[in-house]
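Written out below as structure tokens is the structure these notes cover.
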Amino acid sequence: MLIRNMFADDINRKINGVIKVDQSGDDVIEQEVREYVITNELKKHFMSFFSYYSDAFDEPTADIGVWISGFFGSGKSHFLKILSYLLENRQVGDRKAMDYFVEDKKIVDPMVLADMKLAADTPTDVILFNIDSKSETNGKQNKDAIVNVFLKVFNQMQGFCGSIPHVADLERRLSEEGRYDEFKAAFEEEYGDPWEESRQDFDFIQDSVVDALVSMDFMSEAAARNWCEKAVEPYTISIEDFAKRVKSYIERKGNNHHVVFLVDEIGQYIGDDSKLMLNLQTVTEELGMECMGKAWGIVTSQQDIDSVAKEISHNKNDFSKIQGRFDTRLSLSSANVDEVIRKRILEKSDAGHDTLALLYDQKETDIKNKIIFNDGVEKKLYT
């Protein structure tokens with residue numbers, strides 16, 4: 001038997017050495033879920049997260065912050081993506097994400113599976129993003145940088161304009177009144193190109209926007225032009241208003257709808273900037289108080305929250321408050337890399353296993369003679 005035919009999976013397949021949250025091709029996602037290895041450490045993290053998450057269904061809570069830490073190579077971004085697929089119960093290939101965990105026996109604990117199924121069966125909008133890539137070029141200089149990024153991705157998730165929040169507000173209002181599709185049709189008739197392809201160039205399409213709003217009797221021409229003038233001014237939103245906007249969206253959806261923000265590399269983005277940490281803390285706090293367990297913030301960082309908070313907080317009360325916003329903390333290590341390699345890369349097919357077992361029986365003595373030395377020094381053998 002050829003060596004390449006001994007393995008359970010094709011050894012020539014491409015395997016991403018670094019998992020990135022913005023890689024969203026169907027083939028990439030299917031490989032990430034199908035080949036995901038649940039180590040003993042990860043079993044505990046899945047148990048902790050889904051236990052805490054499912055508890056909020058019975059007892060609404062304001063503690064909705066989850067901090068996932070782990071240095072490069074610990075798998076925190078992969079873990080974050082897998083959580084996003086499970087919470088959304090995304091269709092992956094010919095199965096739902098949850099089916100991979102049940103049918104492939106990735107997790108067998110019935111209690112954990114019950115909590116996971118409860119989460120997967122709940123209608124959930126999952127917003128997964130790398131915060132640095134979604135932030136404006138000079139975004140970090142703004143003390144409200146984090147809430148602005150959250151607003152941007154929240155608008156994009158609903159199909160609204162992410163880069164121009166004034167425009168997203170108009171789209172939201174039209175949508176709430178059931179006239180958004182009517183506006184898009186009116187705009188395309190006036191301008192000639194679809195609205196979604198044109199709205200980024202708002203400065204150049206204002207006349208067509210005004211004409212569309214007037215033609216559908218949504219605004220007077222004066223009101224529409226006045227709105228267009230304001231739409232190019234700097235945009236501000238308080239964290240409280242943002243949280244209320246998320247709550248209003250959840251209530252309109254009904255049916256116990258949830259919204260989960262999954263933010264990769266928050267620690268790297270915050271660095272040692274206390275204003276950004278305060279902004280994150282307040283966003284998490286307001287979402288918790290307004291939505292009571294129906295909106296969650298799950299973030300990753302190379303450092304644990306204690307280390308980040310200590311670096312930027314000189315006040316003991318501030319330090320405690322920052323910690324308190326993220327009650328659920330999961331720390332990933334690289335200790336189980338050998339287990340992942342063995343199961344993901346070196347797993348044998350049944351024929352390959354049988355062939356190797358037969359060969360080992362024949363060669364066991366030869367192998368031992370080659371790795372046992374009579375030099376008085378004890379050396380650990382391969383198992």
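A quick note: this is a predicted structure, and the numbers were derived from the prediction, not measured. Atom set for the values below is all heavy atoms of this structure, side chains included, hydrogens, waters and symmetry mates excluded.
Although no hydrogens or angles enter the test, the distance criterion places a donor-acceptor pair under 3.5 Å between the side chain of Asp273 and the main chain of Lys275. Counting only distance, with no hydrogens or angles, the side chain of Lys106 and the backbone of Tyr36 share a donor-acceptor pair below 3.5 Å.
A salt bridge does not link Asp169 to Lys230: none of the charged nitrogens lies less than 4.0 Å from a carboxylate oxygen. Using a cut-off of 4.0 Å between Lys/Arg side-chain N and Asp/Glu carboxylate O, Glu103 and Lys96 are scored as not salt-bridged. Salt bridge status for Lys244 with Glu286: absent, with no side-chain N to carboxylate O gap under 4.0 Å. Residues Lys14 and Asp27 are not paired through a salt bridge, judged by the lack of any N-O separation under 4.0 Å between the basic side chain and the carboxylate. Salt-bridge formation is detected for the pair Glu177/Arg173: a Lys NZ or Arg NE/NH1/NH2 atom is positioned less than 4.0 Å from an Asp or Glu carboxylate oxygen. Remark: Asp207 engages Arg225 in a salt bridge, criterion side-chain N to carboxylate O under 4.0 Å.
Proximity of Ile305 to Arg329: side-chain heavy atoms (C-beta onward) are separated by under 4.5 Å at one or more points. Annotation: side chain of Arg13 is in contact with side chain of Glu35 (closest heavy-atom distance under 4.5 Å). Between Ser48 and Leu330 there is a side-chain heavy-atom pair separated by less than 4.5 Å. The side-chain heavy atoms of Ile266 and Trp67, taken from C-beta on, include a pair separated by under 4.5 Å. Side-chain contact check for Val214 versus Val210: some heavy-atom pair is nearer than 4.5 Å. Taking 4.5 Å as the limit, some side-chain heavy atom of Tyr249 sits within range of a side-chain heavy atom of His257. The closest side-chain heavy-atom distance from Asp181 to Trp195 is not below 4.5 Å. Side-chain contact between Leu276 and Leu280 is absent, with no heavy-atom pair separated by less than 4.5 Å.
Rounding to the nearest 0.5 angstrom, the gap separating the CD1 atom in Ile250 from the OG1 atom in Thr124 is 9.5 Å. Lys44 contributes atom NZ, which lies 9.5 Å from atom OG1 of Thr39 (distance to the nearest 0.5 angstrom). Separation of atoms NE2 (His258) and CG (Asp125) is listed at 11.5 Å; rounding is to 0.5 Å. Atom NZ of Lys81 sits about 8.5 Å away from atom CZ of Arg90, to the nearest 0.5 Å.
Using modelled atom types, one finds a donor on one side chain and an acceptor on the other under 3.5 Å when comparing Tyr269 with Ser135. No side-chain donor from either of Asp304 and Ser69 sits under 3.5 Å from a side-chain acceptor of the other. There is no side-chain donor-acceptor pair under 3.5 Å between Glu190 and Ser215. Side-chain polar atoms of Asp264 and Thr300 form a donor-acceptor pair below 3.5 angstrom.
Outside the 6.0 Å centre-distance limit, the rings of Phe183 and Phe218 are not counted as a close aromatic pair.
Ring pair Phe49/Tyr53 is parallel by interplanar angle, where below 30° counts as parallel and above 60° as perpendicular. Using cut-offs of 30° and 60° for the angle between ring planes, the Phe154 and Phe261 rings count as tilted. Using bins of under 30°, 30° to 60° and over 60° for the plane-to-plane angle, the ring pair Tyr180/Phe160 lands in the perpendicular bin.
Among Lys343, Arg344, Lys348, the one residue that satisfies the side chain to side chain contact (heavy atoms under 4.5 Å, CB included) test with Leu346 is Lys348.
Annotation for Asn369: atom CG counts as buried by contact number, over 12 foreign heavy atoms lying within 6.0 Å.
Hydrophobic clustering, with ILVMFWY side chains joined whenever heavy atoms are under 4.5 angstrom apart, groups Leu287 together with Leu151.
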